[in-house]
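Notes for the one structure printed next.
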Amino acid sequence: MKKTVLPLAIMFFFLSGFLMNGCRKGEQVLPSTGIDVGPGTEVQEGDIVGFFLLNEGNMGSNKSTLDYYDYETGIYHRNIYAERNPGVVKELGDVGNDIQIYGDKLYAVINCSHFVEVMDLATLKHITQISIPNCRYITFKDDYAYVSSYAGPVKLDPNARLGYVARVDLNTLTVKDTCVVGYQPDELVISGNKLYVANSGGYRFPNYDQTVSVIDLTTFKEIKKIDVAINLHRLELDNNGNLWVSSRGDYYDVPSKTFVIDTRTDQVTDTLHLVPNSNMTLYRDSLYIYSTEWSWYTESNTVTYAIVDTDTKKVVTRNLITDGTDADIVVPYGIAVNPDTGEFFVTDAKDYVTPGKLHCYGPDGVRKWSVTTGDIPAHIAFTRTKLKPLEELEE
């Protein structure tokens, strides 16, 4: 079986059988690596000063790491968390699944270590860890964070329990309440006073869940489930109040598709049959999408890219990357767009067990630079807060 094409979406449990086992050798903390990425790093328009990239790391290897790119200097810093937190045992932990900025803090969801790591945004210094079993994604509103949780252990189980959403008080950084949703809930999005949660049911393969849960944030109770499609994963809310939903299909006969829910009626209004979707991100009225669709029949991935106009719900282009350098990308695994400049980023997980790549493209789809990352680069958060130099943190 080829390691380069295994879909981590539902079969990641099997990776532990042939990935590197155990934690890092010893507790030695290596300094971060600063890499000048060269041309194309001129100071950007707007007030975004950099971004963080969370590398998932191979499951079971305790190798999730955090990188940082500084727009002002053009320097890409690898493994910056370890350098700034030498006293944190095992560093970030096992499988970084999401990263978000809210207020003056940076939040990293560490899936298989079962906690949300909370850091000071200006220094990256560890503040605390919020314990949530098998946590997946995080979003925020007012004084609360909302975190999806598979609730049970990390394993395929036809009898796996229902998942839940944890409500975290941001003043105390503690879990205050939970709301049971569907099976193995993944990404979650807030629209008005409603929280939407994509239920995958991935642990119950082949009997996937196929619903989006809707939670009333006033009562913190599930008020309905919207029937969409099997094995749901990603959510994105556009400027028209429409919720875009990705379905991974079953990797056999049911293909990946993209769906649209009107959040005013909570009804599915559109099915984009020809838009497979592994991940997506919104930039103004354009939805940037890539798909790495695995087939167990061919034992290979089919990789596609697209930009969809969220007003017309039509594909604008299939050539997200225009200079042919998409041929250099083995396994697209993350995507993000700088909201100030329109330049976009695509990560490459390669073989899942060695350092990946980050590629930066201009709005025209022409590659500006590339850099080596940690293992399985996946999640990007842009920051408007300047990161203090390390020397200012040392006493």
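With sequence neighbours excluded, the residues that form a ring pair (Phe, Tyr, Trp, His ring centres under 6.0 Å) with Tyr68 are Phe52. Residues satisfying the ring pair (Phe, Tyr, Trp, His ring centres under 6.0 Å) test with Tyr361, not counting sequence neighbours, are Phe344.
With hydrogens and angles ignored, the 3.5 Å screen pairs no side-chain donor or acceptor of Asn242 with any backbone N or O of Asp238. A donor-acceptor pair under 3.5 Å is formed between the side chain of Tyr102 and the backbone N or O of Asp142. With Lys125 contributing its side chain and Arg84 its backbone, the two residues share a donor-acceptor pair below 3.5 Å.
With a 6.0 Å radius and a threshold of 12 heavy atoms from other residues, nucleotides or ligands, Lys388 has its NZ atom at or below the threshold. Remark: Arg384 CZ is packed, more than 12 non-hydrogen atoms of other residues, nucleotides or ligands lying under 6.0 Å away.
A salt bridge links Arg367 with Asp328: the closest approach of a Lys/Arg side-chain nitrogen to an acidic carboxylate oxygen falls below 4.0 angstrom. Using a cutoff of 4.0 Å between basic side-chain nitrogens and carboxylate oxygens, Lys386 and Glu72 are scored as salt-bridged. Note on Lys221 versus Asp216: no salt bridge recorded, every NZ/NE/NH1/NH2 to OD/OE distance being 4.0 Å or above. Ion pairing between a basic and an acidic side chain is recognised when a charged N comes within 4.0 Å of a carboxylate O; Lys194 and Asp266 show such pairing.
For the residue pair Ala166 and Phe220, the shortest heavy atom distance occurs at C-CZ, 4.4 Å.
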Evaluate side-chain contact (heavy atoms from CB on, under 4.5 Å) for Asn240 paired with Asp311, printing each intermediate quantity in order. CA-CA 8 Å; Asn240 301 312; Asp311 289 332; 2.8 Å; yes
Could you walk me through whether Ile127 and Asp120 satisfy the side-chain contact (heavy atoms from CB on, under 4.5 Å) test, starting with their C-alpha distance in whole Å, then the side-chain angles of each, then the deciding distance to 0.1 Å, before giving a yes or no? CA-CA 7 Å; Ile127 296 175; Asp120 181 271; 4.2 Å; yes
Taking it one step at a time, do Asn111 and Asn134 satisfy side-chain hydrogen bond (donor to acceptor under 3.5 Å, both in side chains)? CA-CA 5 Å; Asn111 175 212; Asn134 212 338; 2.6 Å; yes
Begin with the C-alpha distance, continue with both residues' side-chain angles, and end with the deciding distance and a verdict on side-chain hydrogen bond (donor to acceptor under 3.5 Å, both in side chains) for Asn55 and Thr65. CA-CA 5 Å; Asn55 300 285; Thr65 59; 3.1 Å; yes
Tyr150 vs His114, side-chain contact (heavy atoms from CB on, under 4.5 Å): CA-CA, chis, key distance, verdict: CA-CA 10 Å; Tyr150 279 14; His114 311 290; over 6 Å; no
Could you walk me through whether Val254 and Asn231 satisfy the side-chain contact (heavy atoms from CB on, under 4.5 Å) test, starting with their C-alpha distance in whole Å, then the side-chain angles of each, then the deciding distance to 0.1 Å, before giving a yes or no? CA-CA 10 Å; Val254 180; Asn231 200 8; over 6 Å; no
Walk me through it: do His126 and Glu117 pass the test side-chain hydrogen bond (donor to acceptor under 3.5 Å, both in side chains)? CA-CA 8 Å; His126 164 83; Glu117 168 73 16; 2.7 Å; yes
Could you walk me through whether Asp186 and Gln184 pass side-chain hydrogen bond (donor to acceptor under 3.5 Å, both in side chains), step by step? CA-CA 6 Å; Asp186 274 320; Gln184 291 79 64; over 6 Å; no
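Under the 4.5 Å side-chain heavy-atom criterion for Ile, Leu, Val, Met, Phe, Trp and Tyr, Ile190 and Val175 are members of distinct hydrophobic clusters. Taken together through direct or relayed side-chain contacts under 4.5 Å among Ile, Leu, Val, Met, Phe, Trp and Tyr, Val245 and Val275 form parts of separate hydrophobic clusters.
The aromatic ring centroids of Phe140 and Tyr107 lie less than 6.0 Å from each other. If you look at Tyr71 and Tyr69, their ring centroids are closer than 6.0 Å.
The aromatic rings of Tyr305 and Tyr290 sit tilted relative to each other, their planes meeting at an angle between 30° and 60°. Taking the six-membered ring where tryptophan is involved, the planes of Tyr144 and Tyr146 are tilted, since the angle between them lies from 30° to 60°.
Partner Leu358 forms a side-chain contact (heavy atoms from CB on, under 4.5 Å) with one of Ile380, Thr372, Val37 and no other, that one being Ile380.
Side-chain contact of Asp253 with Tyr297: a donor-acceptor pair under 3.5 Å is present, judged by distance alone.
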